[in-house]
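Just so we're on the same page: letters track the sequence lines, and every chain starts at 1.
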2 protein chains.
Amino acid sequence: MSGGVEWALHCCTLLSRASQPVPAVKLAEYHDVSPSYLAKQLQLMSRAGLVRSTQGNAGGYVLTRDAAAITVLDVVEAIDGVLPAFRCTEVRQRGPLATPAEQCADPCAIAKVMDSADRAWRDSLRAVTIADLVADADRQILPGAVERARAWLAS
Amino acid sequence: MSGGVEWALHCCTLLSRASQPVPAVKLAEYHDVSPSYLAKQLQLMSRAGLVRSTQGNAGGYVLTRDAAAITVLDVVEAIDGVLPAFRCTEVRQRGPLATPAEQCADPCAIAKVMDSADRAWRDSLRAVTIADLVADADRQILPGAVERARAWLAS
DNA sequence: GCTGCAATACTCGGATACCCGGTGTCCGAGTCTAACTGG
DNA sequence: CCAGTTAGACTCGGACACCGGGTATCCGAGTATTGCAGC
């Protein structure tokens, strides 16, 4: 999985706290990551419709909908794409004893298993929203940290 | 996911039908794939203890245990490794408002979600064995195909 | 004092290099078979 | 006819190139602000 997924998720949690557009440079500085590369991830999220960008002065990124309406899977698919990790190459139709094509209407057993596992993975990611991540994080961090983060974003 | 996983799984199903060692070249010819590259996958499975290799004439690969005792996950982990796809880089400990390290004993919310999804994926793959794959395949293929495969392996 | 305009600075978006891990290949080490020779 | 030896061929195992996708970066397009000039 692409490393940018982690950055994108952290950005979403931070954007959910902010009430004003946050520029990519600020997001990168907050997380101490490469601004140029983070811009690419934000761009991907913008294409996927998760965030909305406003240009010009005082511009930046905002979530397009409530954090409770954005799942972790949405972010993962925005960055890494929606294609499953496993792609069946129909090995059974090759070789000296190849199965005839008309016998291969249904996906082969291996593809079925992989597809099932992929669905389980996606279901697991779909069950958690950005709001859940924020709530979990709030339970761990020190008191007052959220206010300090808001103040830093405003500066 | 590595493309060799599919080849490895097909080889396991074929090896479960064979009652004698099958050389890598024959496995590659049967599936019409690169013999050199397939050798690498078989080598990985040998290291993982899924197959046993015998050298010399009439040598080849054999499953080390019954097909019902080998899960799809075993094969996937043998080829792709056991490391999870997501690796937390502890972004929360970086930047101007970094969370102090002593506050980070527990994994962050993002890591927890990813770990949970990874576990769901692995559980799904662990629930299916090579024997299940063979049984499913037998239900679809034409009658007599298994016997023909055995005969081809023996030739 | 108010309004319209233009210059400015700031922001995003896509196009462009770089590099590492998977992909693909090869040759040498090891071993089982089998034929041959000697008793 | 049998046993030991040796030659042979076959097999695996690890080391070596190649290439595409993720990683990282930069500069141009676009826009809201803001300062200024004219009315």
If I take atom [atom1] in residue [X] and atom [atom2] in nucleotide [N], what distance separates them, rounded to the nearest angstrom?
X: A/Leu83; N: D/dG21; atom1: CG; atom2: P; answer: 12 Å
X: B/Arg87; N: D/dG22; atom1: CZ; atom2: P; answer: 19 Å
X: B/Ile79; N: C/dG21; atom1: CD1; atom2: C1'; answer: 16 Å
X: A/Lys40; N: C/dG13; atom1: NZ; atom2: P; answer: 13 Å
X: A/Asp32; N: D/dA24; atom1: CG; atom2: P; answer: 13 Å
X: A/Leu44; N: C/dG14; atom1: CG; atom2: C1'; answer: 12 Å
X: B/Leu38; N: C/dT25; atom1: CG; atom2: P; answer: 12 Å
X: B/Arg52; N: C/dC32; atom1: CZ; atom2: C1'; answer: 16 Å

Please determine whether a side-chain nitrogen or oxygen atom of [X] lies at a distance below 4.0 Å from atom OP1 or OP2 of [N].
X: A/Arg47; N: C/dG14; value: yes
X: B/Tyr61; N: D/dG13; value: yes
X: A/Gln43; N: C/dG14; value: yes
X: A/Tyr37; N: D/dT23; value: yes
X: A/Ser34; N: D/dT25; value: yes
X: B/Ser46; N: D/dC12; value: no
X: A/Thr54; N: C/dT11; value: no

**Prompt:** Out of D/dA29, D/dG22, C/dT23, which nucleotide sits closest to the side chain of A/Gln55?
**Reply:** D/dA29
**Item:** Side chain of A/Pro23 (C-beta onward), nearest among D/dT25, C/dC12, D/dT11
**Value:** C/dC12
**Fill in**
Of A/Asn57 and A/Trp7, the one whose nearest nucleotide on DNA chain D sits closer to the 5' end is A/Trp7
**Complete:** Result for 5'-nearest mapping on DNA chain D, choosing between B/Gly60 and A/Gly3, is B/Gly60
**Prompt:** NA contact type, A/Ala24, heavy-atom cut-off 4.0 Å: base, sugar-phosphate, or nothing?
**Reply:** sugar-phosphate
Can [X] and [Y] be counted as an ion pair, charged N to O under 4.0 angstrom?
X: A/Asp74; Y: A/Arg65; answer: yes
X: B/Glu77; Y: B/Arg122; answer: yes
X: A/Asp123; Y: A/Arg126; answer: yes

**Message:** Check for me, please, whether B/Ile141 and B/Leu133 land in the same ILVMFWY cluster - side-chain distances under 4.5 Å, paths through other members count.
**Reply:** no
**Item:** Cation-aromatic face contact A/Lys40/A/Trp7, 6.0 Å, 45 degrees
**Value:** no
